Amino acid sequence: MQKRRRFLARAISSTTIESASVCGAEGRPELRKLIAFDDDTFDKLKQLGRDRMATFQELADEAFADLLRKHGIPVDLKDALRRSAALTKTSAQNSARPRSSRHTKS
């Protein structure tokens with residue numbers, strides 16, 4: 001028997017988002033996607049949300065941010081700037097190091 005799936009979000013095209021005025025905290029239109037879960041997974045996510053007093057959106061945001069971090073992709077502008085500054089600092093330190101000269105024994 002095939003498991004029944006629950007759909008958590010409605011698929012909306014980007015043009016529909018703008019005309020529907022669905023805006024995020026920054027005032028930009030949000031993109032919505034259709035995601036399907038089996039009943040068991042959905043029930044566990046609902047319970048986790050209740051236990052942590054978090055919405056499903058907060059759980060999803062945390063999960064996707066963790067996934068991006070895992071693969072080394074900056075999550076937001078602040079993270080990108082921090083990584084860029086660290087790379088610049090590391091490359092500056094490497095170029096400032098004196099190179100050791102090789103001494104040949106006679």
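Numbers for residues simply follow the sequence, beginning at 1. None of the values given here were measured: they were computed from a predicted structure.
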Mutual orientation of the aromatic rings belonging to Phe56 and Phe42 [parallel < 30°, tilted 30-60°, perpendicular > 60°]: tilted
Stepwise side chain to side chain donor-acceptor pair (under 3.5 Å) test for Gln57 and Asp61: CA-CA 6 Å; Gln57 184 64 51; Asp61 289 343; 2.8 Å; yes
Heavy-atom closest pair, residues Leu59 and Ala54: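 Looks like CD2-CB, 4.4 Å.
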Heavy-atom pair of closest approach, residues Pro74 and Arg83: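 It is CG-CD, 4.0 Å.
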Test side chain to side chain contact (heavy atoms under 4.5 Å, CB included) applied to Lys70 and Asp66, step by step: CA-CA 6 Å; Lys70 174 184 170 186; Asp66 289 346; over 6 Å; no
For Val75, the rest of its hydrophobic cluster, which grows through side-chain links under 4.5 angstrom: Leu68, Ile73
Partners passing side chain to side chain donor-acceptor pair (under 3.5 Å) against Arg52 (at least two apart in sequence or in another chain): Glu62
Asp43 and Gln47 side chains, donor-acceptor separation under 3.5 Å: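 Short answer, no.
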Backbone N/O of Ser84 and side chain of Thr88: donor-acceptor pair under 3.5 Å: yes
From CG (Leu81) to NZ (Lys78), nearest 0.5 Å: 10.0 Å
Value rounded to 0.5 Å, distance of CZ in Arg82 from CG in Leu77: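 Those atoms lie 10.5 Å apart.
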